[in-house]
Chemist: 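Structure provided below as structure tokens; questions to follow.
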2 protein chains.
Amino acid sequence: MNIRTLCLAILSAGDTTGYDIRKLSTEGKYSYFVDASYGAIYPALNRLENDGCVTFREESQPGKPPRKVYSITREGHRELIEALCDAPSKDIFKSEFLLIAMSASRLPREALARAIETREVQLKEEVDLIQSLRDSAKDEGTRWVCDYGMACMGGSLAHLQATKDELLAVAQNETERLDAAE
Amino acid sequence: MNIRTLCLAILSAGDTTGYDIRKLSTEGKYSYFVDASYGAIYPALNRLENDGCVTFREESQPGKPPRKVYSITREGHRELIEALCDAPSKDIFKSEFLLIAMSASRLPREALARAIETREVQLKEEVDLIQSLRDSAKDEGTRWVCDYGMACMGGSLAHLQATKDELLAVAQNETERLDAAE
DNA sequence: TAGGCCATGTAACCGGTTACATGATTAG
DNA sequence: CTAATCATGTAACCGGTTACATGGCCTA
């Protein structure tokens, strides 16, 4: 799931610019399972063009900087299919929150409470984002992915809200910590 | 959620070696939300020791290479708490499978079917792992994290199994693809 | 008039992985 | 006899991020 393949996949759904690929992958409909910055996207697009996987036309609209609108080529599509056809590598999931939860019994309760709340807010935001993406999705695949995301994130949020008190109970309160320090 | 903090967090739950930290974070109870390799862990432990955050004793058992058993120090614990106390950064989730699902309508059906099955197997394995970790968990925090993981992964798997046919229906079958090529 | 959006790009940096070296021991 | 497990470590590499440059336009 390198940036090169990501660019090809996004371009296979329609022409765009590097600027918009970045938007799609940090705020748009790819953002909840992908991430990419300018410093990775622009070089990738240049390489793809060099390899004949994409072409671009320069559109200069007055008042705004000219933009390079990229299109995927037959060769690019071939490479994309090839890349997506071999078994997908495992999903990558990294969670600082769960590391904190894991250390609950060694943490001051207030710190844990803050972490839980932050995580709750983050999850809510993500769920809202996916919901709004789902509402405006034209593509069947996109809708399925949004539904999947809603199920996962929504379930995650619900479970967190339902069991957070149990987790909180594991943490140390001030007096226990003082006891332990002796 | 850098390797340094990860090492401190694991050591705060009890003494271990670099070798075992790696095991814990790739096969053990941290593995589903964390990942680290020797090349990252050993240098991190050396730096932590230099900074007075950990100490180690060398245990040489006959027939096996001697091992460095690390313990966290008061200073190390202080740094850990500090690191875990400020708001957790967003969880990172990257999924090649969802990128494939997103491109469903442009993919041959067989390829999508393979991807779905692979993902199903991966999820099942993960759920099984977490289940077994949960069964042998002594620590309250660990149990909570396992339950949380079971809810997320289990929900994810259930949703995938319940809706995979819909996704599959989005993909192109051979004849459609030939049509599109004209 | 300050800041944000559009839009492209690059160079320095960095946190990690991969692949290797070493070597005794045990399991198949 | 081979392969895996234990156990530590390093060097080369790499894919990516961060921070910056550029510059006109629009909004608060």
Side-chain angles (χ1 to χ4, degrees), chain A residues 1-8 10-11 15-28 30-31 33-51 54-70 83 89-90 92-94 96 99, chain B residues 1-8 10-11 15-28 30-31 33-51 54-70 83 89-90 92-94 96 99:
Chain A
M1 196 220 18
N2 51 3
I3 304 288
R4 185 183 172 93
T5 311
L6 173 66
C7 288
L8 287 174
I10 292 182
L11 286 173
D15 298 358
T16 15
T17 66
Y19 186 83
D20 282 330
I21 289 177
R22 190 252 166 191
K23 270 218 148 176
L24 284 168
S25 61
T26 51
E27 309 159 30
Y30 296 84
S31 63
F33 59 92
V34 131
D35 207 21
S37 60
Y38 294 135
I41 290 167
Y42 286 121
L45 286 173
N46 286 329
R47 271 205 55 207
L48 282 170
E49 204 256 322
N50 247 52
D51 298 347
V54 301
T55 55
F56 69 90
R57 54 180 188 281
E58 200 148 325
E59 282 183 4
S60 53
Q61 69 249 284
K64 282 178 189 170
R67 37 187 245 142
K68 289 182 172 186
V69 181
Y70 286 87
S89 55
K90 274 203 219 161
I92 292 167
F93 176 63
K94 294 191 182 177
E96 199 168 320
L99 189 63
Chain B
M1 194 219 21
N2 52 2
I3 304 289
R4 185 183 173 93
T5 311
L6 174 65
C7 288
L8 287 175
I10 292 182
L11 286 172
D15 298 358
T16 14
T17 65
Y19 186 83
D20 282 330
I21 289 177
R22 190 252 167 190
K23 271 218 149 178
L24 285 168
S25 61
T26 52
E27 309 161 30
Y30 296 85
S31 62
F33 58 92
V34 131
D35 207 22
S37 59
Y38 294 135
I41 291 166
Y42 285 122
L45 286 173
N46 285 329
R47 272 206 54 207
L48 281 168
E49 204 255 323
N50 249 50
D51 298 349
V54 301
T55 54
F56 70 90
R57 55 182 188 279
E58 201 149 324
E59 281 182 6
S60 52
Q61 70 249 288
K64 282 178 190 168
R67 38 188 243 141
K68 290 181 168 182
V69 181
Y70 286 88
S89 54
K90 273 203 220 164
I92 292 167
F93 176 62
K94 293 191 183 178
E96 200 169 320
L99 190 62

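The sequence lines fix the lettering, A, B, ..., with proteins before strands; numbering per chain opens at 1.
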Chemist: Under 6.0 Å between the ring centres of Tyr70(B) and Phe56(B)?
Modeler: yes
Chemist: Relative to the ring of Tyr38(A), is the ring of Tyr42(A) parallel (under 30°), tilted (30 to 60°) or perpendicular (over 60°)?
Modeler: parallel
Chemist: Which nucleotide, dT8(C), dG16(C), dG16(D), lies nearest any side-chain atom of Ala40(B)?
Modeler: dG16(C)
Chemist: Just compare dT17(C), dG9(D), dG16(D) and give me whichever is closest to any side-chain atom of Asn46(B).
Modeler: dG9(D)
Chemist: Over the length of the helix from dT1(C)-dA28(D) to dG28(C)-dC1(D), how much do the five-pair end axes diverge, rounded to 10 degrees?
Modeler: 40°
Chemist: Let me know, please, whether Tyr38(B) or Arg4(A) comes out on the 5' side of the other along DNA chain D by nearest nucleotide.
Modeler: Tyr38(B)
Chemist: Which nucleotide in the list dT8(C), dG16(C), dT8(D) gets nearest to the side chain of Tyr42(A)?
Modeler: dT8(C)
Chemist: Considering only nitrogen or oxygen atoms on both sides, find all protein atoms under 3.5 Å from nucleotides 3-6 of chain D and state each distance.
Modeler:
{"from": "dC6(D)", "atom 1": "OP2", "to": "Tyr19(B)", "atom 2": "OH", "distance (Å)": "2.7"}
{"from": "dC6(D)", "atom 1": "OP2", "to": "Lys23(B)", "atom 2": "NZ", "distance (Å)": "3.4"}

Chemist: Identify, between Pro43(A) and Pro66(A), the residue whose nearest nucleotide on DNA chain C lies closer to the 5' end.
Modeler: Pro66(A)
Chemist: Which listed nucleotide (dT17(C), dT8(C), dG16(D)) is nearest to the side chain of Ser37(B)?
Modeler: dT17(C)
Chemist: Between C1' on dG9(C) and OH on Tyr70(A), what's the gap in Å once rounded to a whole number?
Modeler: 10 Å
Chemist: Tell me the interatomic distance from Asp20(A), atom CG, to dG9(C), atom C1', rounded to whole angstroms.
Modeler: 16 Å
Chemist: Side chains of Arg67(B) and Gln61(B), heavy atoms from C-beta outward: is any pair under 4.5 Å?
Modeler: yes
Chemist: Under a 4.0 Å threshold between the charged nitrogen and the carboxylate oxygen, would Arg4(A) count as salt-bridged to Asp51(A)?
Modeler: yes
Chemist: Could you point out which residue of Thr17(B), Leu11(B), Ile3(B) forms a side chain to side chain contact (heavy atoms under 4.5 Å, CB included) with Leu45(B)?
Modeler: Leu11(B)
Chemist: Counting C-beta onward and ignoring hydrogens, is there a side-chain heavy-atom pair between Leu6(A) and Ser25(A) closer than 4.5 Å?
Modeler: yes
